[in-house]
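Every chain is numbered from 1, with letters handed out A, B, ... down the list of sequences.
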Amino acid sequence: MTNEEIGDLLEDIAAAYEVKGANRFRIMAYQNASEAFRHTSVDLKKLWQEGKLESIGGIGPSIASHLSEVFEKGESKHFQKIIKSLPEGMFELLKLPGIGPKTAYKLAKRFKLNNASTALLELGKIASQGEIRKLSGFGEKSEKKILEAIEDQKEKKGGKRMLLPVAEEVAQALVDYLKKEPACKKIEALGSLRRKAATIGDVDLAVSSNKPKKVIDKFTSYPEVKKIAVKGEGTARINLRNGRQIDLKVVELACFGSLLQHFTGSKAHNIALREYALKKGWSLSEYGIKKLKTQKSKLIKFSDEEKFYRFLGLDYILPELREGEDEIESAKNHKLPNLVKLSDIKGDLHIHSNIDIATSHDKGSASLEQIGRKAAELGYRYVAIADHNPATTTNSEKKIFNLLEMRKAKIDKYNNSSEKREKSVYIFCSLEVDIKPDGSLALPKMAFDLFDFLIAAVHTSFNMSKKKMTKRILSALKHPKVKILAHPTGRMLNRRSGYEADWDKIFEYCKKNKKFLEINAWPLRLDLPDLLARRARGKGVKFIVNTDSHELPHMDLMRYGVYVARRGWCEKSDIINTRNLKEISKYLISNT
DNA sequence: GCCGTTTTCGGCCCGACTGTTTTCAGTCG
């Protein structure tokens with residue numbers, strides 16, 4: 001069972017308890033546990049084997065023991081008992097927006113939706129026959145809403161989360177639009193977009209204004225609107241024709257700081273922050289801070305978000321850190337990291353050029369000179385050309401050597417050219433080498449000396465056992481020329497999850513042997529993922545943020561990799577390509 | 001069911017909106 005599946009299971013248990021009218025705090029405990037499992041990068045089964053399930057916050061003796069049974073026997077008697085007494089279809093209906101446990105149960109019970117795989121289909125039929133409106137507590141509107149939700153589900157609209165640059169574009173278009181309304185004083189995109197998460201579900205916008213109605217009216221008449229889902233006095237939600245959902249909140253300027261705080265989230269961070277504040281006798285909301293237990297206590301307002309945190313005795317917590325882990329504790333103890341910035345980056349060590357070396361994977365489109373000029377524009381001091389290795393199946397070893405020798409000569413020539421001297425961008429001679437399924441590198445022995453260093457990467461045979469994949473990666477890293485493991489997990493957002501490997505073992509090896517993990521800035525990859533980056537950092541591993549550019553404009557995408565590093569709590573010192581040329585050469589070039 | 005810088009017992013984030021009622025439950029972020 002994956003962490004995600006365990007999260008789903010506990011969410012279902014929470015829903016079942018809700019239907020049964022259990023103590024609401026028990027329900028919350030299961031919801032918290034579900035969230036905690038979804039957001040951890042630790043392998044739960046491994047944690048269970050070590051008997052440390054309770055080391056995760058929100059997991060106590062009860063849930064840990066039920067889960068132990070699940071790991072051991074495949075299911076827990078207690079969980080089965082709770083779930084089995086309810087119609088199976090109920091848990092499918094929960095996937096529809098606007099339908100919670102109570103509603104799902106009512107519908108599933110009344111219409112006997114006992115089969116999970118057909119429940120949505122059946123409910124759709126029932127709704128279109130006008131049967132739902134006849135139930136007490138339901139009406140025409142709720143029936144229509146259910147029908148629409150099922151239709152959306154079928155089209156899988158909004159099912160996929162947006163990649164960060166896509167969400168930025170959607171948000172920017174709306175910000176530009178809202179700016180035309182003079183009643184909008186300040187506009188900001190918040191939520192996971194501001195926290196720079198790898199993928200974004202909904203776009204959240206905050207506006208400060210003393211005429212909220214005008215703002216809401218402008219917002220809901222956005223030309224791309226397909227449906228106005230919510231329209232209140234201070235908030236609204238629209239669904240766009242492209243399937244995206246946008247949330248808007250409006251407050252007066254004096255409260256804008258607390259709104260930024262509230263609407264940036266994450267939910268887990270806000271809950272933790274509010275619990276922390278409660279203990280100090282304060283109650284937090286998007287409007288400000290109130291003293292507890294005093295009737296009609298005055299609201300303290302914050303136009304500035306930093307002051308909101310400082311008021312609570314905390315250092316300012318940057319949005320990228322607000323995931324409800326231990327950032328509040330760290331802020332209290334002045335232990336927050338000084339996060340790496342884009343301007344700290346001095347070079348990009350994974351760039352594909354247009355030099356033709358008969359690669360098996362795609363080559364780049366830019367020349368060395370173009371890459372050098374672009375790097376200079378970005379303020380870099382060095383780059384590494386890391387084309388894919390020549391295909392080993394169609395080229396002889398001699399041919400491969402000749403191609404790579406020709407390529408090295410071109411790079412040497414560039415480094416000795418007047419162009420280089422003017423721009424002062426040094427080009428390392430590297431290569432992105434396939435790690436073959438047996439762990440060997442796809443490069444003839446005689447060619448290794450042609451490189452300053454190598455970047456190793458898995459591009460084939462993803463479906464291996466965890467043990468085999470770990471061994472495969474480790475044996476590739478063992479080669480003294482290999483310094484960097486590119487896009488370590490192989491994930492492609494919205495397409496495939498990464499392959500499984502014993503990351504702790506790999507991290508320990510990297511730390512001990514001075515190998516570096518790439519944080520790949522390509523928005524579809526963002527790999528190493530943030531959670532793993534934080535775990536690796538905890539073990540003392542260092543990183544290199546690379547764009548993996550295949551075209552010149554891709555070199556501008558470095559910031560997405562820096563976001564990942566920041567979400568992984570990385571400081572400048574954790575990132576090797578913040579060093580100057582002399583220092584980084586010491587890290588990467590070995591003569592052994 | 002979980003948790004501990006007032007607590008191993010007695011707390012547990014805070015507020016908005018919708019739809020169906022007629023003062024509120026359910027859902028959401």
5'-most by nearest nucleotide on DNA chain B - A/Phe263 or A/Met28:
A/Met28
At 4.0 Å (heavy atoms only), tell me whether A/Leu273 reaches a base, stays on the sugar-phosphate, or touches nothing.
nothing
Classify A/Arg24 by what it touches in the nucleic acid, base, sugar-phosphate, or nothing, heavy-atom distance under 4.0 Å.
nothing
Considering only the C1' atoms, how many Å lie between B/dG1 and B/dT5, rounded to the nearest integer?
23 Å
Between B/dT5 (P) and A/Lys279 (NZ): distance, integer Å:
6 Å
Round to a whole Å and report the spacing from CD of A/Glu329 to C1' of B/dC3.
14 Å
Could you let me know what B/dG10 is paired to, Watson-Crick or G-U wobble, both distances under 3.5 Å, or none if it's on its own?
B/dC3
All side-chain hydrogen bond (donor to acceptor under 3.5 Å, both in side chains) counterparts of A/Glu181, not counting sequence neighbours:
none
With rounding to the closest Å, how many angstrom separate the C1' atoms on B/dC17 and B/dT8?
40 Å
Whole-angstrom distance between B/dC13 and B/dC3, as gauged at atom P:
13 Å
Sorted by chain and number, sequence neighbours left out, salt bridge (Lys or Arg N to Asp or Glu O under 4.0 Å) with A/Glu323 holds for A/Arg195, A/Arg567
Return yes if some donor-acceptor pair links the side-chain N/O of A/Arg274 with the main-chain N/O of A/Ser283 below 3.5 Å, else return no.
no
Show me the side-chain donor-acceptor pairs of residues 71-82 of chain A shorter than 3.5 Å, one per line, residues at least two apart or across chains.
unit_1, atom_1, unit_2, atom_2, d
A/Ser76, OG, A/His78, N, 3.3
A/Ser76, OG, A/Phe79, N, 3.0
A/His78, NE2, A/Tyr17, OH, 3.0
A/Gln80, OE1, A/Lys84, NZ, 3.0

Give, ordered by number, those residues of residues 62-81 of chain A having at least one heavy-atom distance below 4.0 Å to an atom of DNA chain B; if nothing qualifies, reply none.
A/Ser62, A/Ile63
Using whole Å, what does the distance between atom C1' of nucleotide B/dC3 and atom CD of A/Glu275 come to?
9 Å
For A/Gly265, report the nucleic acid contact type (base, sugar-phosphate, nothing); a contact means any heavy atom under 4.0 Å.
nothing
Salt-bridge present (A/Asp217, A/Lys213; N to O < 4.0 Å):
yes
Please report the distance separating the C1' of B/dT27 from the corresponding atom of B/dT20, rounded so that it comes out in whole Å.
14 Å
Output side-chain donor-acceptor pairs under 3.5 Å for residues 96-115 of chain A, partner residues at least two apart or in another chain, one line each.
unit_1, atom_1, unit_2, atom_2, d
A/Asn115, OD1, A/Ser117, N, 3.0
A/Asn115, OD1, A/Ser117, OG, 2.8

Without placing hydrogens or testing angles, list every side-chain donor-acceptor pair under 3.5 Å for residues 182-190 of chain A, not counting sequence neighbours.
unit_1, atom_1, unit_2, atom_2, d
A/Lys185, NZ, A/Pro182, O, 3.3

Report the residues that fulfil ring-ring contact (aromatic ring centres under 6.0 Å, His included) with A/Trp569, sequence neighbours left out, ordered by chain and then residue number.
none
What pairs of residues pass the ring-ring contact (aromatic ring centres under 6.0 Å, His included) test when at least one of them lies in residues 174-228 of chain A, not counting sequence neighbours?
A/Tyr177-A/Tyr222
Map A/Ile99 and A/Gly58 onto DNA chain B by nearest heavy atom, then report which one ends up closer to the 5' terminus.
A/Gly58
Checking A/Lys290 against A/Trp282: charged group under 6.0 Å from the ring centre and within 45 degrees of the axis?
no
Can you check the distance between B/dC14 and B/dC9, where both ends of the measurement are the C1' atom (answer in whole Å)?
25 Å
Atom P, compared across B/dC2 and B/dT6: separation rounded to whole Å
23 Å
Does the protein touch nucleotides 14-24 of chain B at the base, only the backbone, or not at all? Give it as B, S and - per nucleotide, heavy atoms under 4.0 Å.
BSSSSSSS---
Rounded to whole Å, the CD1-P distance (A/Ile271 to B/dC28) equals 15 Å
Check the distance between B/dG1's C1' and A/Leu53's CG and give it to me in whole angstrom.
15 Å
A/Ile146 has an atom CD1; how far is it from atom C1' of B/dG26, in whole Å?
13 Å
Is the phosphate of B/dG26 approached by A/Lys102 (side-chain N or O, under 4.0 Å from OP1 or OP2)?
yes
Rounding to a whole Å, what distance do you find between A/Asn23:CG and B/dG11:C1'?
11 Å
Could you verify whether a donor N or O on one side chain and an acceptor N or O on the other, from A/Glu305 and A/Tyr316, lie under 3.5 Å apart?
yes
When rounded to whole Å, the CD to C1' distance for the pair A/Glu35 and B/dC28 reads 13 Å
